[in-house]
Amino acid sequence: MSYWLLKSEPAGFSIDDLARSPGRTTAWDGVRNFQARNFIRDGMKIGDLAFFYHSSCAEPGIAGIVKIMRTAYGDATALDRASEHFDARSSSDEPIWYVVDVRLERKLARVLTLEKLKQHAASSLSSLPLLKRGNRLSVMPVTKHDWDFILALE
DNA sequence: GCCAACGTTGGC
DNA sequence: GCCAACGTTGGC
């Protein structure tokens with residue numbers, strides 16, 4: 001079993017939006033970066049856990065934990081001309097972009113802020129991609145060590 | 001709104 | 001395959 005971190009802008013889709021979704025489950029759609037796509041398509045397995053990270057907002061940080069409920073399948077928004085995520089190169093037979101289904105496990109009592117995480121950037125969390133300079137990946141792996149360390153900060 | 005960092009595109 | 005131009009991300 002593996003651990004991950006998923007970024008979302010709460011103005012677009014927040015952890016509360018997920019909490020209100022049917023079955024507290026959603027397809028994690030709209031990923032349009034190949035490295036992130038590969039993590040989704042090739043790495044994520046049912047039962048894996050991921051941090052739900054709020055980006056581009058007043059208080060960036062980890063807002064909760066989700067579980068992978070279904071492995072990768074084609075991202076329907078890539079086929080929808082009306083969607084901002086439409087991509088004419090993708091088709092249902094040969095998808096370019098993929099989603100997994102995720103279910104909310106729990107919200108953190110309070111957002112574990114980026115500021116807090118950064119306090120450990122030079123030591124315990126030095127391998128966390130999120131804290132690497134210039135990192136923009138919206139989907140990234142988290143080691144078990146980092147996962148456990150971050151949860152202990154809660 | 002600014003800007004650094006980085007991915008993608010497209011001409012050659 | 002190179003690389004400049006461009007677009008996007010995301011913290012501040």
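Reminder, nothing fancy here: chain letters follow the sequence lines and each chain counts from 1.
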*Could you run through nucleotides 6-12 of chain C and give me one letter per nucleotide, 5' to 3': B if any protein heavy atom sits under 4.0 Å from the base, S if only the sugar-phosphate is that close, - if neither?*
-BBBBSS

*Might you work through the side-chain contact (heavy atoms from CB on, under 4.5 Å) test for A/Thr77 and A/Asp87, ending with a clear yes or no?*
CA-CA 8 Å; A/Thr77 65; A/Asp87 187 338; over 6 Å; no

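Among the atoms of the strands shown, only primed sugar atoms or phosphate atoms (P, OP1, OP2) are found under 4.0 Å from some heavy atom of A/Arg89.
Taking the six-membered ring where the residue is Trp, the centroids of A/Phe34 and A/Trp97 are separated by under 6.0 Å.
Across the protein-nucleic acid pair, A/Asn33 atom CG and B/dA5 atom C1' stand 13 Å apart, rounded to whole Å.
Considering only residues two or more places apart in sequence or on other chains, A/Ser91 meets the side chain to side chain contact (heavy atoms under 4.5 Å, CB included) condition with A/Asp93, A/Glu94.
The aromatic rings of A/Phe149 and A/His145 lie parallel to each other, with less than 30° between the two planes, well short of the 60° mark.
The ring pair (Phe, Tyr, Trp, His ring centres under 6.0 Å) test with A/Tyr3 singles out one residue from A/Phe39, A/Phe51, A/Trp147, and that residue is A/Trp147.
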